[in-house]
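First listed ligand is number 1; within each ligand, the first listed atom is number 1. Small disclaimer: the values here were computed from a predicted structure and weren't measured. Residue numbers run from 1 in the order of the sequence given.
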Amino acid sequence: MSLEELLNMDEKAKIKFMNTLGRKVEIFVPINKKEIKMYTCGPTVYSRAHIGNMRAYIFADIVRRVLEYGGYKVKQVMNITDVGHLTSDADEGEDKLQKSAREQKTTAWEISKKYTTQFLDDASKLNIQPVHVLCKATDHIPEQIKLIKKLEQKGFTYTTSDGVYYDTSKFPRYGDLAKLDIRGLQAGKRIRVGGKRNKTDFALWKFSKTGERRDMEWNSPWGKGFPGWHLECSAMSMKYLGETFDIHTGGIDHIPIHHTNEIAQSEGATGRKFVNYWLHSDFLVMSDQEKMSKSLGNVVNLGTLEEKGIDPLAYRYLCLGAHYRKRLLFGEEILKNASNTFNRLKGKFLELKENVGDVQLGEMESQIGRKYLDSFRSSVFNDLNTPQALAVMWEMLGDNEISNFDKYRLLLNFDNVSGLKLDKIQPEKIEVDREIYQLLKKREDARQDRNWKKADKLRGEIYNSGFIIEDTPEGPRLKKR
Ligand code: AMP
Ligand code: ZN
C-alpha cells in the first residue's frame, strides 16, 4: 500500500498493532492488500493443550478476525510441531513426543495423531476458525534439509558430534526482536556450552544417538537424525507465505528463543526481512500468579471445564475480557463470573431475536447505531482492545435510545470479531411437568372463553410453580422464573 493510499484511509479502518519488533504500536500496512499473509506458531502435540495454550490460539484467531472485519482477506498458516521439540529449550533432553510415546507405551506417530485430533477438536469448540494451511513438521523434512543446506552454503552452520548448529555470532541482528544483549552473551569469545560455540547457538539438525529408540528419524547429508524445533517454522512459513510476509503470532515465551531463532534462520538464508509485524500474547496465570504449565502441574484443559458444565465459549468470553498483552488471571471464581456474564449475554441475544423476528438486517442507518458500531470498530482496530469492545457492547445493550432491532444486528455484527457463536444459540429446552402443561391448556381455554379472571388465576398458579408465561403470536411460551 502506498503512503498516499494509507493517508486516504478512513481513520477508523486503520488497524494498529503493537509490533514486538521495535515495541511500538504501528498502523498495519500490508505487503499486498489483496491478501494478508499470517503465520501462527502452533501446538507441540505431545499432550492435550491446556487452556493457557488455547489462549494463544484464540488470540491469533482474533487477529485474523479483526483483519477480516477490516475488509482484508487473510491467508493463515499454522504448524503442528510433531518432532524436534525437546524437553529443554536449550537443545537438550528428550523429544517431547518420544517421551510421551514411551510413557503411554505407543509410538510418537500415534501420539502426534491423537493430540492433533484433540487440538483441532478443542479449537473448534472455542470457535477458532480453521486455518488455511495446517502443516506438520514431519511432512516437511526435505524443505527443512534444503534450508540447512542454504545456511551451510552461506557459512552460518557448524557441525558437532551432536548435530548441525547455527552460529549466531555470524548473524549481526541476532537478538533484535528480544532486545537481547547478545554482545554481553557472546562477547566475541567462543564459549563451549555442550559443544556449542556460543551460548545462543541452536540446533538445526540433531543426530540420532546410538542405542536411542526414535520413531521419527530421517537420513540427511550430515547423518541420520531429526530437525531442530525452530527450523520447521522458518521452512514452512516461507514455503506457504513467501520469504517476507505480514504477520507472525505466538506466545511471549517465544520471543527470546524460538522467534529470535526463526528470524536468524530465515533472514540468514534469504538476506531479506522475514516478517513485518510480530504479535505476542501474554500468559494465563493462576490466581497465585503462577503460569499455567505442565511442569508446574497446575494445568486445566477444556475437558476440565466441560466436566464442570462450563461452555468452552465462556472461556473464550473470559479471554476477550483481558487485553492480549496483559496476563489473564484464572481461577474458579473468575471463570464462574465470566460464565454467568456470558449466559446473560446469550439470554439478552435470544430476547432480542424473539423480539425482532425474522427480518432482513440491511445497513445500519440510525445515528446512534452507527455511533456504537464506530466505537466497537475503533476499539478492536486499536491493537485488539477487546475488553473495551465488550464494554461498548454492554453499554449499547443498556442504552434505551437504541432500538431492539439495532441492538440485535449490532450484536451479530460484533460477533464477527468476538466469535461467541451468538447466531447459533438456541432457546433452552425446559422440562415441564404434565400438571403445568395442563394448567397452561386450561388457561388457553379460559382465554378462548374470554374468562380473563380465570385465565389470570391460572397464570398465577403457573407462576407459583416457577414459570412465566410469554404470549407470542405463535401461542404461549413458558420460561423459567
Ligand atoms: P507449546 O505447545 O508448548 O509449543 O505452546 C503452545 C503455545 O501456548 C505457545 O504459543 C505458548 O507461548 C503458549 N503458552 C504456553 N503456556 C501458556 C500460558 N500459561 N498462557 C498462555 N499461553 C501459553
Ligand atoms: Zn513456531
Participant: Angle subtended at the Zn ion (ligand 2) by NE2 of His258 and SG of Cys41, to 10 degrees?
Facilitator: 120°
Participant: Students should be able to answer this: which protein heavy-atom is nearest to atom 18 (C) of ligand 1, and at what distance?
Facilitator: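 Here the nearest protein heavy atom works out to Phe283 CD2, 3.2 Å.
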Participant: Could you tell me whether Asn53 and ligand 1 have an N or O pair separated by under 3.5 Å?
Facilitator: yes
Participant: Can you find an N or O of Gly251 that's nearer than 3.5 Å to an N or O of ligand 1?
Facilitator: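 Yes; at least one N/O pair falls below 3.5 Å.
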Participant: Does NZ belonging to Lys75 count more than 12 external heavy atoms closer than 6.0 Å?
Facilitator: yes
Participant: When you compare the side chain of Leu21 with that of Tyr277, does any pair of heavy atoms fall below 4.5 Å?
Facilitator: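 Not touching, per the 4.5 Å side-chain cut-off.
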Participant: Would you say the Zn ion (ligand 2) has Cys233 as a near neighbour, meaning an N/O/S atom of that residue under 2.8 Å away?
Facilitator: yes
Participant: Going by the angle between their ring planes, with limits at 30° and 60°, are Tyr166 and Phe171 parallel, tilted or perpendicular?
Facilitator: perpendicular
Participant: Parallel, tilted or perpendicular, judged at 30° and 60°: which one describes the rings of His85 and Trp229?
Facilitator: parallel
Participant: Report the member of Thr44, Thr40, Ile252 with the shortest heavy-atom distance to atom 1 (P) of ligand 1.
Facilitator: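 Comparing heavy atoms across Thr44, Thr40, Ile252, the nearest one to atom 1 (P) of ligand 1 lies in Thr44.
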Participant: Does at least one non-hydrogen atom of Pro43 fall below 4.0 angstrom from an atom of ligand 1?
Facilitator: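 Yes, Pro43 has a heavy atom closer than 4.0 Å to ligand 1.
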Participant: Would Asp82 and Tyr46 count as having a side-chain donor-acceptor pair, cut-off 3.5 Å?
Facilitator: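 Distance-only check fails for Asp82 and Tyr46.
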Participant: Backbone or side chain, does any N or O of Gly52 fall under 3.5 Å from an N or O of ligand 1?
Facilitator: yes
Participant: Answer yes or no: are there more than 12 heavy-atom neighbours, outside Lys224 itself, under 6.0 Å from its atom NZ?
Facilitator: no
Participant: Looking only at distance, does Leu284 have an N or O less than 3.5 Å from an N or O of ligand 1?
Facilitator: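 Indeed, backbone or side chain, Leu284 has an N or O that close.
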Participant: How close does the nearest protein non-hydrogen atom get to atom 19 (N) of ligand 1, and which residue and atom is it?
Facilitator: Met292 O, 2.9 Å
Participant: So His259 and His230, ring-ring contact (aromatic ring centres under 6.0 Å, His included) or not? Walk me through it.
Facilitator: CA-CA 8 Å; His259 289 166; His230 319 294; 9.4 Å; no
Participant: Does only the side chain of Tyr57 get under 4.0 Å from ligand 1, or the backbone, or both, or neither? Count heavy atoms.
Facilitator: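 Just the side chain.
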Participant: Which residue holds the protein heavy atom closest to atom 9 (C) of ligand 1, what is that atom called, and what is the gap in Å?
Facilitator: His254 NE2, 3.5 Å
Participant: In terms of ring plane angle, is the pair Trp278 and His248 parallel, tilted or perpendicular, where the classes change at 30° and 60°?
Facilitator: parallel
Participant: Considering only the protein, which heavy-atom contact is closest to atom 12 (O) of ligand 1, and what is its distance?
Facilitator: Asp253 OD1, 2.3 Å
Participant: Does one side chain, of Asn301 or Asp122, offer a donor that lies under 3.5 Å from an acceptor on the other?
Facilitator: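 No.
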Participant: Can you tell me if His280 has a non-hydrogen atom under 4.0 Å from ligand 1?
Facilitator: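 Heavy atoms of His280 never come under 4.0 Å of ligand 1.
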